[in-house]
Visitor: 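Encoded as structure tokens, here's the structure I'll be asking about.
Positions are given from 1, in the same order as the sequence printed here.
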Amino acid sequence: MLRLDDASLGKLDTFTVFFHTSRADVIRQRIIEATPKVFPQSWHMAAAERQQQQARQADTRLGRP
């Protein structure tokens with residue numbers, strides 16, 4: 001479930017009316033068009049940390065130190 005602030009919800013409603021489509025379709029299209037540059041740096045850092053954690057967990061499962 002996606003939680004939006006009032007400004008984002010208003011913009012989403014504007015898009016749904018203008019493009020005569022559902023909120024889900026508008027969000028899907030925005031995700032498709034997104035590039036790494038549009039996401040905050042903190043998200044990049046969190047993704048990198050998550051990848052490192054997953055690699056460590058995989059190593060542990062395989063018996064690697």
Side-chain angles (χ1 to χ4, degrees):
M1 179 167 182
L2 187 63
R3 294 182 184 171
L4 301 173
D5 59 16
D6 290 337
S8 298
L9 188 56
K11 183 72 108 175
L12 180 58
D13 287 338
T14 300
F15 285 146
T16 60
V17 170
F18 183 80
F19 293 112
H20 306 286
T21 190
S22 69
R23 287 180 175 178
D25 285 340
V26 171
I27 292 169
R28 255 187 240 105
Q29 186 62 34
R30 297 298 297 158
I31 290 171
I32 289 168
E33 294 173 356
T35 62
K37 288 189 246 180
V38 300
F39 294 98
Q41 185 61 32
S42 62
W43 288 23
H44 293 279
M45 292 168 41
E49 290 171 4
R50 188 172 44 256
Q51 289 172 347
Q52 290 173 356
Q53 182 181 29
Q54 289 171 345
R56 284 192 300 271
Q57 288 173 349
D59 286 345
T60 302
R61 278 186 244 128
L62 294 174
R64 297 179 189 156

Visitor: Give, for atom CD of Q54 and atom CZ of R50, the distance between the pair rounded to the nearest 0.5 Å.
Guide: 7.0 Å

Visitor: Of all residues at least two apart in sequence or in a different chain, which pass the side-chain contact (heavy atoms from CB on, under 4.5 Å) check with T14?
Guide: none

Visitor: Checking A34 now: which residues fulfil side-chain contact (heavy atoms from CB on, under 4.5 Å) with it, not counting sequence neighbours?
Guide: V38, F39

Visitor: Please name all residues satisfying side-chain contact (heavy atoms from CB on, under 4.5 Å) with R23, sequence neighbours left out, ordered by chain then number.
Guide: L9, L12, D13, T16

Visitor: Would you say Q29 and E33 are linked by a side-chain donor-acceptor pair, where the criterion is simply a distance under 3.5 Å?
Guide: yes

Visitor: Do I27 and R30 come close enough that some side-chain heavy atom pair is under 4.5 Å?
Guide: no

Visitor: Got a second to check how far R28's CZ is from T21's OG1, nearest 0.5 Å?
Guide: 8.0 Å

Visitor: Check whether V26 and I32 end up in the same hydrophobic cluster, where Ile, Leu, Val, Met, Phe, Trp and Tyr are linked by side-chain heavy atoms less than 4.5 Å apart.
Guide: no

Visitor: Just to verify, what does D6 make a side-chain hydrogen bond (donor to acceptor under 3.5 Å, both in side chains) with, not counting sequence neighbours?
Guide: none

Visitor: Using the test side-chain contact (heavy atoms from CB on, under 4.5 Å), find all partners of Q52 that sit at least two apart in sequence or belong to another chain.
Guide: R56

Visitor: For T35, what residues pass the side-chain hydrogen bond (donor to acceptor under 3.5 Å, both in side chains) criterion, not counting sequence neighbours?
Guide: none

Visitor: In terms of hydrophobic clusters joined by side-chain contacts under 4.5 Å, are V17 and L4 together?
Guide: no

